[in-house]
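Reading through the C-alpha cells given below for one structure.
In what follows, chains are A, B, ... by sequence order, proteins preceding strands, each numbered from 1. Computed from heavy atoms alone, side chains included, the values below leave out hydrogens, waters and symmetry copies. On a predicted model such as this, the values are computed, not experimentally measured, just so you know.
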Amino acid sequence: MCLGIPGEVIEILPDQPDLAKVDVSGVKRAINIGLLTDDPPVPGDWVLIHVGFALSKIDEQEAKAAMDFLIGIGQAYEDEIAALLESRIDERQ
Amino acid sequence: MRFVDEYRDAEKARALAAKIAALCEPGRHYKFMEVCGGHTHTIYKHGLEDYLPESISLVHGPGCPVCVLPMGRVDDAIALAEQPDVIMTSFGDMMRVPGGRGSFFDSSAAGTDIRMVYSPLDALKVARQNPDKHVIFMAIGMETTTPSTAMTVLRAAAEGIENFSIFCNHVMIVPAIKAILDSPDLRLDGFIGPGHVSTVIGCRPYEYIPAEYGKPIVTAGFEPLDILQSVYMLLQQLADGRCEVENQYSRVVPWNGNTVALRAMAEVMELRPYFEWRGLGFISHSALQVREKYAAFDAERLFKLPGVRVADPKACQCGEVLKGVLKPWECKVFGTACTPETPIGTCMVSSEGACAAYYNFGRFSRQRVQEVSIESSRV
C-alpha cells in the first residue's frame, strides 16, 4: 500500500475523464488522475501510482528504475499487483 | 560486498564510496537516519551498510505507516467491523497487524465482513454495490495515501453516497521526525528524507530541521546509488559547515510538492490535537481527522469506539526499533518468537518494516539470528 508503482498511461477514459487506463507490467487497470490536474498526463506518459491514484508524472527511465526496485522487493510487490488485479474503480456498480 | 557485485552501476558506486570515505573526518562517528521504510529495504537488500565506512551508521526511522499504528486503534477498527450491517474495507498490509484482540484476519475468521481493497475508490464501489450496508474504509498511511483518502471522501460527497465512511488513522511524517529530534535517546547527524512522501508535501516542510535543530536532510530516491549519493550530500554539507534541505530525488520530487493533493487533504481533514504512535507515544499535531464539514463520512463520529489504549506486548521492542535506538536483530524476540509468519510486533508485519526487511534480506542469516538469540539468552 505504501509502494509507488509505475504505470504507462494508455488512454483517458472518455466517459470518466478523471480516470485513465494504465499498463503496469502488463496489468491494465483504471486509475484516478485527479491529483495531476495541474499537469494532466496524456497517453504515453508514465505515472507513479499509489493506491489507485497517480501521484506524480515520471519519465520512462525513472519508471524502469522504480520497477527494478519493486521487483527486488519481491512478495510485497507481488501482493500489490495481485491487489491491483482485483481493482475495478472504473465500474460504477 | 554483494552490492558491488550485483549492481549495474558498480563503477559509479565505487567512485561514490571513495568520495564518501574521503569526506569522513578521522575519529568522528556519523549517524544518519533513513526515515522511509522503502529506503530501509534498499539498504538491507543491497547490503549498503557494509559498503560505507565503519564510521557511518544508518539507523531506521518511523516511516512505515503500518508499523506505527498503535494496538488500540486496531481494536477500535475491529469494534467497528463488529457493528451490525457494517462492511470493513482495508489495504491488504493491514490484515495481519495485531491489536490487543487479534488482527483483521482473526476478526474476519470469527465472522465479521472485512474485505481487502487496493484503493479507497474500491471501498467506495463496495458501498455503491451494498446500499443496505454501511461500508467503512480503514484509512491508514502517511502522505502517500492520505490524498487518495481525501479524494475518495470528496467523490463520495459529490455522488451523495450515504453509506460510506472512513476510520481515519492518517499520520504525518514531519511531526514524527520532530519527536525523534526531541527525544534524548538518539544523537543524529542528519536525515535521509522520504522520497514518495515528498512528492506530496515537497521539501519545504523539512526546513525546520536545519533551521531549528541544526541537522541537514536530503530527500532521496530508492536506488542504491540514490542512497549513497544522499549520504555523500549529507557529509558534504557537514564538511562545508552548511546545514540545509537538499533534494537528491528532484527528478521526481518537486520542491513545493503536489499542490492539488495538499488542497484535497486540507479540504477534508484537519490536525488532531494529538495521536498515539506505536513506539513513539503520543505526538501532538501528528495525525489527521475528518473535518466537521465531512462528518457524515467520519466513522469516529458515526459509531461509538472503545478508544482503549493497549500497551504493546512486553517482549516486543518495536518502539526502540522505530526510534532507531535498536537494530532489528537486537530485539530479544527477533527471528525467534517474532517472524513474518507469526509477528508479535508491527515492524515484522509490514514488508517495509525494518524487522521484516532485515529478516527477509538477511544480511543477517537465519543461522546467525539463532546464534544471537542463544547468546542473548545466556546473558
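- Contact annotation for T199(B): only side-chain heavy atoms (C-beta onward) come within less than 4.5 Å of a heavy atom of chain A.
- Using a 4.5 Å cut-off between heavy atoms, L84(A) contacts chain B through both its backbone and its side chain.
- Looking only at side-chain heavy atoms (C-beta outward), D226(B) and T42(B) stay at 4.5 Å or farther from each other.
- Judged by distance alone, with hydrogens and angles left aside, the side-chain atoms of R29(A) form no donor-acceptor pair with the main-chain N or O of V24(A) at under 3.5 Å.
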| query | Can you check side-chain contact (heavy atoms from CB on, under 4.5 Å) on I89(A) and K125(B), steps first, answer last? | reply | CA-CA 7 Å; I89(A) 63 170; K125(B) 200 186 75 181; over 6 Å; no

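- Ranked by heavy-atom pairs under 4.5 Å with chain B, the first of D59(A), L48(A), D79(A) is L48(A).
- Ring orientation note: the planes of Y44(B) and H60(B) are nearly perpendicular, at an angle over 60° on the 30°/60° scale.
- Both the backbone and the side chain of D122(B) come within contact range of chain A, each with at least one heavy atom under 4.5 Å from a heavy atom of that chain.
- Heavy-atom distances place both the backbone and the side chain of S87(A) under 4.5 Å from chain B.
- Looking at D18(A) and R155(B), a side-chain N of the basic residue comes within less than 4.0 Å of a carboxylate O on the acidic one, giving a salt bridge.
- Both the backbone and the side chain of I140(B) come within contact range of chain A, each with at least one heavy atom under 4.5 Å from a heavy atom of that chain.
- For F222(B) and H196(B), the distance between ring centers is under 6.0 angstrom.
- For a residue to count as touching a neighbouring chain, one of its non-hydrogen atoms must lie under 4.5 Å from one of that chain's; by this rule V126(B) does not touch chain A.
- Using a 4.5 Å cut-off between heavy atoms, Q75(A) makes no contact with chain B at all.
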